[in-house]
Protein chains: 2
Amino acid sequence: MEEIDRAIVAALTADGRLSYTDLAEKVGLSVSAVHQRVRRLEQRGVINGYTARVSFEALDLPLTAFVAIRPFDPSQPDDAPVRLAHLPEIDSCYSVAGEDFYLLLVRVAGPLDLERVLQEIRTSANVTTRTTVVLSTPYEHRPPKVALDPAGPHRVRGASAESAGSQPG
Amino acid sequence: MEEIDRAIVAALTADGRLSYTDLAEKVGLSVSAVHQRVRRLEQRGVINGYTARVSFEALDLPLTAFVAIRPFDPSQPDDAPVRLAHLPEIDSCYSVAGEDFYLLLVRVAGPLDLERVLQEIRTSANVTTRTTVVLSTPYEHRPPKVALDPAGPHRVRGASAESAGSQPG
DNA sequence: TCTGAAAAGTAATTAAA
DNA sequence: TTTAATTACTTTTCAGA
């Protein structure tokens, strides 16, 4: 039932360009049934979109680092993510609990680029940095264990009749 | 020329299911020309594969945390990544320079699950953990600035870029 | 919610400029 | 490296169970 949805999500995280034909065969359903379910998963937001995975080596970005930042002056307005967004070397920005304010994931060509990016981070956001260089990546972006909420993330048990098919404005 | 390849990679990271027809229109080339270039990008390893992006909220995994680990007994063989690979809550595993040995990215349903996973990490790999909870994610997995090496990733300029990698095979 | 089938659109190959 | 034409496959929609 939604074991099938789980299988669909798992298959599409493994290969986002799978045809509905192949997908149907994989999950043991007809093509149009699978098609329908994928559309519902997309509408519910379970599937957000599709992307090509790129090799950072091939893009000449072999050096990854985590950069923890905290403001020089903690009394000033904290808009570091916005002030740093223009730096294409920043892959991700996480607001974190703990001693640091943000944790950045950065990808560059080499140490000299890392040095430059760190300087740009410091001056752009008026922060201090603490950098952890990544030596290798045993695994990354593994597909999550899919456990689907039957009607999306806001389900209330027994609250109302089946409204899954209706669309908000 | 390879400005076009850059445009193709950028377009496919933004939407991995773009048809060659749309892609061709986007980059101003014929369909089969684009098709050819995509195949070359895939063969060169610039494009590694395609995935569906899933919403971790929708999958009931709203809590993200970074878990830094180091071994209880540093003299024992260090195979933490392998010993932890069975835990589906671990999204990524980075081997890092610095005081810690590895940095894990973990996604769970809530604090109780995080507690359980931390215990499983400690017992599975015989390590201590230091956990940083993510409060929010201003941005994540941004498309990199695409700067293509004309002949792919096997260009030799000095010989240092080889082992500093960030991607698994 | 499923199946099966038809129409429209797309992929992947080939020949050739 | 490109365009253009071909064939097979895929997506999408529909009627019906």
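The structure displayed is predicted, hence computed values, not measured ones. Order of the sequence lines fixes the chain letters, A, B, ..., with proteins taken first and strands second; residue numbering starts at 1 for each chain.
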Give me, pair by pair, the N or O atoms of the protein and of nucleotides 15-17 of chain D that are less than 3.5 Å apart, along with how far apart they are.
none

- Can you tell me if the side-chain N/O atoms of A:R40 get under 4.0 Å from OP1 or OP2 in C:dT1? yes
- Pairs in or reaching into residues 105-116 of chain B: which pass salt bridge (charged side-chain N to carboxylate O under 4.0 Å, His left out), with residues at least two apart or in two chains? B:E89-B:R116, B:D91-B:R107, B:R107-B:E140, B:D113-B:R116, B:R116-B:E120
- Message: Using the side-chain heavy atoms of B:T21, tell me which of these nucleotides is nearest: C:dT1, D:dT11, C:dA11.
- Response: C:dA11
- Can you tell me the distance, in whole Å, between the CD atom of A:E2 and the P atom of C:dC2? 12 Å
- Task: With sequence neighbours excluded, give me every ring pair (Phe, Tyr, Trp, His ring centres under 6.0 Å) pair touching residues 37-63 of chain B.
- Result: none
- Message: Could you tell me how far apart B:L18 (CG) and C:dG9 (P) are, to the nearest whole angstrom?
- Response: 17 Å
- Would you kindly compare A:Q36 and A:R17 by the position of their nearest DNA chain C nucleotide and give the one closer to the 5′ end? A:Q36
- Item | End-to-end axis angle, where each axis spans five pairs of the helix from C:dT1-D:dA17 to C:dA17-D:dT1, to 10° | 30°
- For atom CZ of A:R37 and atom P of D:dT11, their distance in whole Å: 17 Å
- Query: NA contact type, A:S30, heavy-atom cut-off 4.0 Å: base, sugar-phosphate, or nothing?
  - Reply: base
- Spacing between B:I8 atom CD1 and D:dT1 atom P, to the nearest angstrom: 11 Å
- Item | Protein-nucleotide distance (B:L29, atom CG; D:dA4, atom P), rounded to Å | 12 Å
- Under the side chain to side chain contact (heavy atoms under 4.5 Å, CB included) rule, collect the residues that match up with A:K26, sequence neighbours excluded. A:A11, A:L18
- Query: Residues two or more places apart in sequence or in another chain: which of them pass ring pair (Phe, Tyr, Trp, His ring centres under 6.0 Å) with B:F66?
  - Reply: A:F66, A:Y94
- Residues in salt bridge (charged side-chain N to carboxylate O under 4.0 Å, His left out) contact with B:D15, at least two apart in sequence or another chain: none
- Message: Once side chain to side chain donor-acceptor pair (under 3.5 Å) is applied, do any residues pair with B:S75, and if so which ones, sequence neighbours excluded?
- Response: B:D73
- Atom-to-atom span, CD1 of A:I4 to C1' of C:dT3 - whole angstrom: 13 Å
- Are any non-hydrogen side-chain atoms of B:V67 and B:L103 less than 4.5 angstrom apart? no
- Those residues that, when tested against B:A7, pass side chain to side chain contact (heavy atoms under 4.5 Å, CB included) (two or more places apart): B:V27
Could you go through residues 128-135 of chain B and list every donor-acceptor pair under 3.5 Å that involves a side-chain atom there, pairing it with any protein atom two or more places apart or in another chain?
{"unit_1": "B:T128", "atom_1": "OG1", "unit_2": "B:R70", "atom_2": "O", "d": "3.4"}
{"unit_1": "B:T129", "atom_1": "OG1", "unit_2": "B:R122", "atom_2": "NH1", "d": "2.8"}
{"unit_1": "B:R130", "atom_1": "NH2", "unit_2": "B:D100", "atom_2": "OD2", "d": "2.5"}

- Task: Can you tell me which residue pairs pass the ring pair (Phe, Tyr, Trp, His ring centres under 6.0 Å) test with a partner in residues 19-41 of chain B, sequence neighbours excluded?
- Result: B:Y20-B:H35
- Protein-to-nucleotide contact annotation, 5' to 3' order, nucleotides 12-17 of chain C [B base; S sugar-phosphate only; - none; under 4.0 Å, heavy atom]: SB----
- Note on the structure: When every non-hydrogen atom of B:I121 is compared with those of B:L104, the smallest separation belongs to CD1-CD1, 3.8 Å
